[in-house]
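Just so you know, ligand 1 is whichever comes first in the structure, and atom 1 is the first atom listed for that ligand.
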Amino acid sequence: MPVVYLVIPCYNEEKVLPETVSRLTDKLNKMLNAGLADKGSRMLFVDDGSRDATWELISKFCAENELVAGIKLAHNRGHQNALLAGLMTARKYADCVVSLDADLQDDVDVLDEFVQKFIDGCDVVYGVRNKRESDTFFKRTTAVGFYRFMEKLGVNVVYNHADYRLMSRRALDALSEYREVNLFLRGLVPLIGFKSDVVYYDRHERFAGESKYPLKKMISFAVDGITSFSVKPLQLIFGLGAAISLVSLVGVIWSLIAHCAHGAAAWIIGIWSLWLLGGILLLCMGVMGTYIGKIYAEVKARPRFLIEQSLNLPEKEK
Ligand code: UDP
Ligand code: MG
């Protein structure tokens, strides 16, 4: 039986915590009784520098409930960093870790399916939303547009999957090799590879408190996702510069000929050469962008490979 850790990042969640703890305690107990989880299993709450009574509540629950554990971050570092802190802590104690939000918008009833897939040999299990009815029209369309756009840019993301996912200890060890600071976990995890599967679930409304993801944070999260995984925008500059240069070069030649042959106005040559200059400038920026893209990849120092399996090697290294 696996030791299962549930990692729950919390930022100013005093309104939801009591209910969340009681629902998750019920669920975890059911899993323990059903033989799906080992008795060392825990829910690990990560206080992301909250300014309300979140940490006091977590401490109180830790004292009275042995299934609850907590860590407190010194500052508010944002959802992704808080989640990573929880995952990196939990991997020391757990066989598999499931991340979920404090507001239990993600349906906890499918936790059994997650763990069952882990037992069947999956290293990563993605929670995928069935439908987006509980979202506003705006959030729904922008989210779908975002996934489409990411796909176009060549980024591998799982459609309608947020951060409700299970990862094995092995997958978490692999994740720890990614040292980048701009975290976009739902883009990183598919890069890890390993055997994966999906579990479908319905997403509910937040039952108390309010969203900690206002529009401003959503936009910067989306921009982060794009710029952390794709240098296509830089390549675009190069393409644009090349196209403009080509067209305006033709324009310059054409207006020169027209001027000499039948006295077309000289200012047309001037306009075309202006465009040509603009094109060449963009092209040069594109060249620089290509190098910057490479520097960016090097600086991130992502692991160049992760070994999934090895056969017949001696157990001990020399
Ligand atoms: N969260 C966090 N740090 C932050 C913002 C959010 O740890 O700076 C947590 C929050 O407590 C919740 C999860 O991230 O558990 C998702 O946030 P929320 O439910 O507000 O986002 P939404 O579901 O509205 O997208
Ligand atoms: Mg939420």
Out of all atoms in ligand 1, which are within 4.0 Å of some heavy atom of [X]? Include the element for each.
X	result
K212	5 (C), 6 (C), 18 (P), 20 (O)
C10	7 (O), 11 (O)
K217	5 (C), 8 (O)
P9	7 (O), 9 (C), 10 (C), 11 (O), 12 (C), 15 (O)

Nearest non-hydrogen protein atom, [atom]:
atom	value
atom 18 (P) of ligand 1	R206 NH2, 3.4 Å
atom 22 (P) of ligand 1	S211 OG, 3.8 Å
atom 3 (N) of ligand 1	D48 OD2, 2.6 Å
atom 17 (O) of ligand 1	Y213 CD1, 3.9 Å
atom 1 (N) of ligand 1	Y11 CB, 3.7 Å
atom 19 (O) of ligand 1	D103 OD2, 2.6 Å
atom 25 (O) of ligand 1	K139 NZ, 3.3 Å

Inset, instruction - Please find the N/O/S atom of D103 nearest to the Mg ion (ligand 2) and write down its name. - result: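 Nearest to the Mg ion (ligand 2) within D103's N, O and S set: OD2.
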Legend entry - From the candidates H79, E13, Q105, the one that places a heavy atom nearest atom 10 (C) of ligand 1: E13
Inset, instruction - Assess the pair Y126 and Y164: is the distance between their ring centroids shorter than 6.0 Å? - result: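 No - the distance between ring centres of Y126 and Y164 does not fall below the 6.0 Å cut-off.
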Inset, instruction - Could you tell me whether A82 and ligand 1 have an N or O pair separated by under 3.5 Å? - result: no
Inset, instruction - May I ask you to check whether over 12 heavy atoms, not counting those of R186, lie within 6.0 Å of atom CZ? - result: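 Yes, the 6.0 Å shell around CZ holds more than 12 heavy atoms from other groups.
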Inset, instruction - Mark yes when over 12 heavy atoms from residues, nucleotides or ligands other than F149 sit less than 6.0 Å from its CZ; otherwise mark no. - result: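 Counting neighbours around CZ of F149, 12 or fewer heavy atoms of other residues, nucleotides or ligands fall under 6.0 Å, so no.
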Inset, instruction - Measure from the Mg ion (ligand 2) to each N, O or S atom of Q105 and report whether any distance is below 2.8 Å. - result: yes
Inset, instruction - Give a yes/no answer: is there an N/O/S atom of D101 under 2.8 Å from the Mg ion (ligand 2)? - result: no
Inset, instruction - Check whether any side-chain heavy atom of F146 sits under 4.5 Å from a side-chain heavy atom of M150, and report yes or no. - result: yes
Inset, instruction - Under the side chain to side chain contact (heavy atoms under 4.5 Å, CB included) rule, what do L6 and L111 come out as? Steps first, then yes or no, please. - result: CA-CA 10 Å; L6 308 176; L111 278 173; 4.0 Å; yes
Inset, instruction - Look at the side chain of D95 and the backbone N and O of V3, then say whether any donor-acceptor pair between them is shorter than 3.5 Å. - result: yes
Inset, instruction - Please state which part of V46 comes within less than 4.0 Å of ligand 1, counting heavy atoms only: side chain, backbone, both or neither. - result: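 For V46, there is no contact with ligand 1 at all, from either part.
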Legend entry - Residue among K212, R51, H79 satisfying side-chain hydrogen bond (donor to acceptor under 3.5 Å, both in side chains) with Y11: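 So the option named by the test is R51.
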Inset, instruction - Go through F184 and F221 one step at a time and tell me if the ring pair (Phe, Tyr, Trp, His ring centres under 6.0 Å) criterion holds. - result: CA-CA 8 Å; F184 187 73; F221 188 52; 5.0 Å; yes
Legend entry - Y201-D106 side chain donor-acceptor pair, cut-off 3.5 Å: yes
Legend entry - Polar side chain donor-acceptor pair, S41 to D38, under 3.5 angstrom: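 On atom types as modelled, these side chains do not qualify, holding no pair under 3.5 Å.
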Legend entry - Test log, rule side chain to side chain contact (heavy atoms under 4.5 Å, CB included), inputs R165 and S99: CA-CA 6 Å; R165 78 176 81 80; S99 50; 4.0 Å; yes
Inset, instruction - Compute the minimum heavy-atom distance from Q80 to ligand 1 and say whether it is under 4.0 Å. - result: no
